[in-house]
Structure formats: C-alpha cells, structure tokens
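Working notes, structure below.
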Amino acid sequence: MQRTVVTPLLVLLGIIGICCLMATTTLFDPLIRFIHTGEITPMQAVFCLLFTVGGFAAYLHLLNLICSYFVPRIDAADKANKQVKEV
C-alpha cells in the first residue's frame, strides 16, 4: 500500500464531518431526549439501533483504513523478508 497524505485526511474529515453533523442538525435530538428523560418511542428506538449499527460499521471501516496506513501488513513484511533472504 502506498502511503499518501489522503488517508489520514479522509479520516480526519470524517470525524470533523460527524461532529459538524451533530452540532448543526437536529438529527440526534431523539437520542438526547432519551438520555435526559428515559422516554423513547418504538420508532425512535429502531432508528437509534440503525444509527448505532451504521456508526459501528463506519467506525470499523475508518479504523481499518487508518490502521492499515500506519501499520504495515504482516504478509507484506514476510514477502520482503523472503526477498532479502533470497538475495
């Protein structure tokens, strides 16, 4: 994998984008009301679960992207070691 500055920038822009989304919209108001009052409708609970699954999927994707950027692949290191040993 070629290291470019694009990967960390994409992760940073994703984090900033989510923060801006939470700060400027009312998308998360049902969740905030549930936290403060403890009351939630069934539809709000379904949407909350869907957002949770989507958030974890996005988190896993971004974490895999940034980890693969900073940590070299094990099989790539093995191939490099085999090439050095052959020479």
Among residues at least two apart in sequence or on other chains, which ones pass side chain to side chain contact (heavy atoms under 4.5 Å, CB included) with T24?
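T24: no side chain to side chain contact (heavy atoms under 4.5 Å, CB included) contacts found.
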Holding to side chain to side chain contact (heavy atoms under 4.5 Å, CB included), I want the full list of residues that pass it with L12, two or more places apart in sequence or in another chain.
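For L12 the side chain to side chain contact (heavy atoms under 4.5 Å, CB included) partners, ignoring immediate neighbours, are I16.
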Output side-chain donor-acceptor pairs under 3.5 Å for residues 28-36, partner residues at least two apart or in another chain, one line each.
none

Would you compute the distance between atom CG of L13 and atom SG of C20 and round it to the nearest 0.5 angstrom?
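The CG atom of L13 sits 10.0 Å away from the SG atom of C20.
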Can you measure from OG1 (T52) to OH (Y59) and round to the nearest 0.5 angstrom?
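It comes to 14.5 Å.
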